[in-house]
Protein chains: 2
Amino acid sequence: MNTNPLLKGTLQTIILKLLESKDRMYGYEITQKVKEVSEGGIMLTEGALYPALHKLEADGFLETTVEIVDGRARKYYRLTEHGGKEVTSKLKEAQAFIDQLQNLLNLKPAIK
Amino acid sequence: MNTNPLLKGTLQTIILKLLESKDRMYGYEITQKVKEVSEGGIMLTEGALYPALHKLEADGFLETTVEIVDGRARKYYRLTEHGGKEVTSKLKEAQAFIDQLQNLLNLKPAIK
DNA sequence: TTTATATACATAATTTTGTTATGTATATAA
DNA sequence: TTATATACATAACAAAATTATGTATATAAA
């Protein structure tokens with residue numbers, strides 16, 4: 001699993017958004033969903049994903065339940081109420097950033 | 001000057017793109033242009049900008065000329081030929097990332 | 001006139017946030 | 001029995017920011 005340096009700063013937002021789009025998800029499922037939606041362009045590394053999930057939980061944005069499925073432990077994450085508000089705010093920030101960055105990248109090249 | 005954590009990873013691309021949009025620019029001018037185009041949303045810190053410019057120069061993407069204007073030194077940066085190719089490639093990457101991120105952020109919220 | 005703000009560059013210390021590597025463990029297909 | 005997929009986790013390291021600090025000139029405000 002290798003990632004994109006551009007990912008920096010957006011991982012938490014991606015996680016929160018996915019958990020807004022689906023009631024509950026577990027870590028591995030998140031990596032697969034991101035891979036699917038980005039058509040392979042964004043691959044989350046476990047070294048980034050799990051610490052990020054733990055931090056979001058420690059911050060009170062996510063809560064967890066563990067289940068054994070097919071003999072393997074799965075840790076399901078779900079948004080807390082606090083997390084629900086955070087999604088809204090993070091999405092607004094991320095959307096503004098995307099728009100501003102897009103404006104910069106759309107500047108016309110100098111004629112030379 | 002305070003920045004956006006989302007900036008991470010995109011600074012080099014922004015600099016290269018600006019220098020594609022205008023023949024030559026100096027550091028301070030870059031901070032002002034980014035501020036203007038992003039309507040204040042993206043504020044480059046000097047601690048990030050100058051090291052990034054130095055790195056791009058060391059990598060052969062930019063070349064510099066110093067001029068004294070109004071009693072103050074200005075260091076003008078310009079794309080090298082190598083830098084011109086790098087812009088194209090970085091822009092492609094950044095655009096792909098923006099599109100993929102946008103897809104993720106557009107996922108429909110779960111009904112609950 | 002001295003103070004604050006804007007212009008203009010730079011770097012060091014620190015923090016954040018990734019990558020890479022490694023580890024444990026089960027299920028399944030080759 | 002070997003490789004791949006599933007599933008979690010953490011430690012060592014690196015990249016890339018932030019924050020703080022420094023130098024210096026020009027200009028407007030108090």
Side-chain angles (χ1 to χ4, degrees), chain A residues 1-16 24-36 40-59 61-62 64-77 90 93-94 97 101, chain B residues 1-16 24-36 40-59 61-62 64-77 90 93-94 97 101:
Chain A
M1 265 192 207
N2 63 331
T3 337
N4 196 313
L6 297 175
L7 183 67
K8 288 196 180 233
T10 59
L11 179 54
Q12 285 199 15
T13 306
I14 290 171
I15 293 170
L16 290 170
R24 61 178 205 161
M25 295 183 84
Y26 55 99
Y28 186 76
E29 184 184 9
I30 291 175
T31 66
Q32 299 309 299
K33 184 66 178 177
V34 168
K35 189 178 168 183
E36 175 205 325
I42 301 177
M43 311 278 277
L44 303 186
T45 59
E46 292 138 306
L49 176 67
Y50 291 114
L53 285 170
H54 300 162
K55 182 162 196 312
L56 289 169
E57 188 185 4
D59 289 343
F61 298 134
L62 304 181
T64 61
T65 49
V66 176
E67 276 179 37
I68 307 297
V69 181
D70 291 331
R72 273 188 296 261
R74 276 185 191 172
K75 198 163 167 184
Y76 280 98
Y77 289 86
K90 286 255 197 209
E93 269 179 57
F97 179 70
L101 182 56
Chain B
M1 264 192 208
N2 63 330
T3 336
N4 196 312
L6 297 173
L7 182 68
K8 292 189 179 236
T10 58
L11 179 54
Q12 286 199 14
T13 306
I14 290 171
I15 293 171
L16 290 170
R24 60 177 205 161
M25 294 181 85
Y26 55 99
Y28 186 77
E29 184 184 9
I30 291 176
T31 66
Q32 299 310 299
K33 184 67 178 176
V34 167
K35 190 178 168 184
E36 176 206 323
I42 301 177
M43 311 277 279
L44 303 187
T45 59
E46 293 139 304
L49 176 67
Y50 292 112
L53 286 170
H54 301 162
K55 182 162 196 311
L56 288 169
E57 188 185 4
D59 289 345
F61 299 135
L62 304 182
T64 61
T65 50
V66 175
E67 277 179 37
I68 307 296
V69 180
D70 291 329
R72 274 188 296 261
R74 275 186 192 172
K75 198 164 167 183
Y76 281 97
Y77 289 86
K90 286 255 196 208
E93 270 179 58
F97 180 71
L101 182 57

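Proteins come first, then strands; the chains are lettered A, B, ... in the order of their sequence lines, and each starts at number 1.
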Nearest-0.5 Å distance that lies between atom [atom1] in [X] and atom [atom2] in [Y]:
X	Y	atom1	atom2	result
A:R24	A:L62	CZ	CG	14.0 Å
B:I42	B:I14	CD1	CD1	5.0 Å
A:L56	A:T64	CG	OG1	12.0 Å
B:K90	B:T10	NZ	OG1	10.5 Å

Which pair of heavy atoms, one from [X] and one from [Y], lies closest together, and at what distance?
X	Y	value
B:G27	B:L49	O-CD2, 3.4 Å
B:A52	B:L11	CB-CD2, 3.9 Å
B:A94	B:T13	CB-CG2, 3.9 Å

Legend entry - Option passing side chain to side chain contact (heavy atoms under 4.5 Å, CB included) with B:L53 (candidates B:Y26, B:Y77, B:F61): B:Y77
Inset, instruction - Take A:V34 and A:I15, measure what side chain to side chain contact (heavy atoms under 4.5 Å, CB included) needs, and give me the verdict at the end. - result: CA-CA 9 Å; A:V34 168; A:I15 293 170; over 6 Å; no
Nucleotide N/O of nucleotides 24-28 of chain C paired with protein N/O under 3.5 Å:
unit_1: C:dT26; atom_1: O2; unit_2: A:R72; atom_2: NH1; d: 2.5
unit_1: C:dA27; atom_1: O4'; unit_2: A:R72; atom_2: NH1; d: 2.9

To the nearest angstrom, how far is [X] atom [atom1] from [N] atom [atom2]?
X	N	atom1	atom2	result
A:Q32	D:dA7	CD	P	9 Å
B:M43	D:dA17	CE	P	17 Å
B:L56	D:dA15	CG	P	15 Å
B:L44	D:dT18	CG	P	8 Å
B:K55	D:dA15	NZ	C1'	9 Å
B:L49	C:dA12	CG	C1'	17 Å
A:Q12	C:dT17	CD	C1'	10 Å

Legend entry - Contact state string [nucleotides 8-14 of chain D, B base, S sugar-phosphate only, - no protein heavy atom under 4.0 Å]: BBB----
Legend entry - Full working for salt bridge (charged side-chain N to carboxylate O under 4.0 Å, His left out) between B:E36 and B:K33: CA-CA 5 Å; B:E36 176 206 323; B:K33 184 67 178 176; 3.8 Å; yes
Legend entry - Secondary-structure string, 5' to 3', Watson-Crick or G-U under 3.5 Å, | for another-strand partners, for DNA chain C: ||||||||||||||||||||||||||||||
Legend entry - Check against side chain to side chain contact (heavy atoms under 4.5 Å, CB included), A:K55 and A:Q12: CA-CA 9 Å; A:K55 182 162 196 312; A:Q12 285 199 15; 4.0 Å; yes
